[in-house]
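Take a look at the structure set out below.
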2 protein chains.
Amino acid sequence: MSTQLLPEKTVERLSQYRRVLSREIEQGHEHIFSHELAKLLHITPVQVRRDIMLIGHSGSLRKGYNILDLIDMIGEIIDCSNQQKVAIIGIGKLGQALLNYLADNKTNLVVSAVFDNNQEIIGTSFSGVLCHGIEHLKKIVEREHITIGILTVPPQHAVEISKQMVEAGILGIINYTPVSLQLRGAYLEQYDVITSLEKVAYFAKPKNYSMLLEMECEK
Amino acid sequence: MSTQLLPEKTVERLSQYRRVLSREIEQGHEHIFSHELAKLLHITPVQVRRDIMLIGHSGSLRKGYNILDLIDMIGEIIDCSNQQKVAIIGIGKLGQALLNYLADNKTNLVVSAVFDNNQEIIGTSFSGVLCHGIEHLKKIVEREHITIGILTVPPQHAVEISKQMVEAGILGIINYTPVSLQLRGAYLEQYDVITSLEKVAYFAKPKNYSMLLEMECEK
DNA sequence: ATTTTCTTGTTATTAAAATAACAGTTAATA
DNA sequence: TATTAACTGTTATTTTAATAACAAGAAAAT
């Protein structure tokens with residue numbers, strides 16, 4: 001277990017390594033080379049080796065990396081031995097979609113509660129997870145030891161509810177609303193749907209895309 | 001209109017500038033200072049000025065930037081004068097959620113078609129957009145001059161359908177499936193739901209979060 | 001008129017991430 | 001036993017992004 005923080009991008013890739021590695025295990029593979037893992041994710045072997053170096057893992061020289069060991073190691077780094085619990089706040093279309101994603105993909109993160117303010121759905125279950133009224137946020141987060149929150153409420157409630165989440169003891173929030181938040185007391189990750197689409201729009205414009213291609217050729 | 005490619009991060013911020021600037025216009029403001037715009041997005045004034053410099057826009061020294069001019073300029077850069085058209089491929093929960101986002105937020109990107117392979121929903125409309133069978137992708141993309149695609153199909157179809165999208169003439173794809181793609185012929189942006197959640201899990205872990213805070217203090 | 005204040009625009013520096021280069025090691029091969 | 005081939009692990013370099021520093025100019029204040 002390293003005592004230093006890992007670079008953001010490395011953490012992201014570790015998550016992806018783990019996913020493809022589980023598939024390799026299912027296919028009966030025990031070891032994998034850096035160039036094989038790299039190919040699965042369309043990145044370079046050096047990047048794979050560097051990431052694995054940073055987490056302090058070692059491969060063997062002619063067999064590559066032991067897949068199970070690597071999966072375990074990544075698990076300890078990302079989600080600890082004790083599984084972290086997640087809450088989804090705002091269980092509209094996006095919240096439900098994300099819940100399905102988490103159910104389908106095996107991750108050690110488990111959604112323990114969802115919250116909403118729509119009286120009609122409070123008390124019902126989504127993929128087996130009970131929906132609570134938003135007013136019970138603090139109580140249930142504390143009781144269930146939930147540490148991660150997914151924020152998918154309508155934008156006008158984002159600021160207020162994000163504050164409540166931190167007060168309730170949530171340590172990490174991923175904010176899917178198009179509202180820029182600033183929190184102290186919890187790690188915050190923003191994802192802006194419109195922005196990433198507009199970014200694609202910019203780089204996909206023929207003039208810009210051809211400039212990109214030219215730059216790649218120069219290398 | 002600059003002839004050089006803008007940095008990715010700048011493009012992302014331009015998208016966000018535009019959104020908050022439209023709100024400023026609605027509130028009757030005509031000009032804005034870099035530090036005001038920065039505050040709205042919780043970034044630094046220098047970054048705002050630098051981005052605006054890169055797109056070749058100028059503010060006035062004591063009044064700041066003319067908001068309408070800036071919005072227009074960003075529009076020309078991101079979506080051209082001629083509105084770009086978007087298709088959503090795979091209109092499950094996530095696809096529908098994204099469609100709502102695009103409808104709610106004003107952006108110059110307009111969803112012109114959605115596609116699915118579920119016979120029951122083909123022919124029905126989502127937020128006023130007709131759902132077509134996936135087999136008509138090429139025909140409709142060509143007819144409607146759609147250039148951007150949002151990929152939200154089940155993972156097992158991601159590779160095959162992404163190829164069809166490029167063949168159909170789509171120039172930019174945002175891939176929400178947890179499958180790593182590599183395309184030639186279109187700009188590709190990946191977004192991995194699980195990965196970003198696992199990243200939050202890592203940095204939210206008390207030991208890691210406190211290291212982050214320490215690093216900020218040192219500055 | 002002159003000074004001060006506050007802002008933009010731009011260059012210089014630092015930090016983060018990706019890439020390249022290569023040393024070192026093991027197993028297979030001659 | 002020596003040699004080659006094919007890896008890993010690590011350091012060095014380059015690229016990209018963010019931050020800091022500051023010159024220059026317009027309005028306001030004196």
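Values below: all heavy atoms of this structure, side chains included; hydrogens, waters and symmetry mates excluded. As the structure is a prediction and not an experimental result, all values here were calculated from the model. So that the names make sense, note that chain A is the first sequence line, chain B the second, and so on, each numbered from 1.
Rounded to an integer number of Å, the gap from CD of B/E8 to C1' of D/dA17 is 11 Å. Between the CG atom of B/L54 and the C1' atom of D/dT16 there is a distance of 13 Å, given to the nearest Å. The CG-C1' distance, from A/D51 to C/dA16, rounds to 14 Å in whole Å. Atom P of nucleotide C/dT7 and atom CD1 of B/I32 are separated by 13 Å, given to the nearest angstrom. Atom pair A/E216:CD and C/dT19:C1' shows a separation of 14 Å (rounding to whole Å applied). In this entry the distance linking CD of A/E36 with C1' of D/dT8 reads 14 Å, nearest Å. Following rounding to the nearest Å, B/Q4 (CD) and D/dA17 (P) show an atom-to-atom distance of 13 Å. If you measure from atom CD1 of B/I52 to atom C1' of C/dG9, you get 11 Å, rounded to the nearest angstrom.
A salt bridge is absent between A/D79 and B/K205; no separation between the charged side-chain nitrogens and carboxylate oxygens falls under 4.0 Å. Note on B/K163 versus B/E167: no salt bridge recorded, every NZ/NE/NH1/NH2 to OD/OE distance being 4.0 Å or above.
Projected onto DNA chain C by closest heavy-atom contact, A/T10 and B/G59 fall at different nucleotides, the more 5' of which corresponds to B/G59.
An OP1 or OP2 oxygen of C/dT26 is reached within less than 4.0 angstrom by no side-chain nitrogen or oxygen of A/S60. Not one side-chain nitrogen or oxygen of B/R62 sits closer than 4.0 Å to the OP1 or OP2 atom of C/dT7. B/R13 has a side-chain polar atom (N or O) that falls below the 4.0 Å cut-off from OP1 or OP2 of D/dA18.
Comparing C/dC22, C/dA18, C/dT8 against the side chain of B/R49 picks out C/dT8 as the nearest. Of the candidates C/dG9, D/dT8, C/dA12, the closest approach to any side-chain atom of A/L61 belongs to D/dT8. Set against C/dG9, D/dC7, D/dG9, the side chain of B/M53 has C/dG9 as its closest nucleotide. For A/V46, whose side chain is taken as the heavy atoms from C-beta onward, the closest listed nucleotide among C/dT8, C/dG9, D/dT10 is D/dT10. Proximity note for B/Y65 (side chain, C-beta onward) versus C/dA18, C/dA21, C/dG9: the nearest is C/dG9.
Note on A/S34: only backbone sugar-phosphate atoms sit closer than 4.0 angstrom, heavy atoms only; bases stay farther off.
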Show your reasoning for whether side-chain hydrogen bond (donor to acceptor under 3.5 Å, both in side chains) applies to B/E12 and B/Q16.
CA-CA 7 Å; B/E12 292 181 9; B/Q16 291 169 341; over 6 Å; no
Test A/L102 against A/I150 for side-chain contact (heavy atoms from CB on, under 4.5 Å), laying out the working first.
CA-CA 12 Å; A/L102 291 169; A/I150 300 177; 4.0 Å; yes
When you look at A/V129 and A/S112, which way does the side-chain contact (heavy atoms from CB on, under 4.5 Å) test go after all the steps?
CA-CA 6 Å; A/V129 183; A/S112 305; over 6 Å; no
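Judged by atom type and distance alone, A/R50 does not reach the base of D/dT10 through any side-chain donor-acceptor pair under 3.5 Å.
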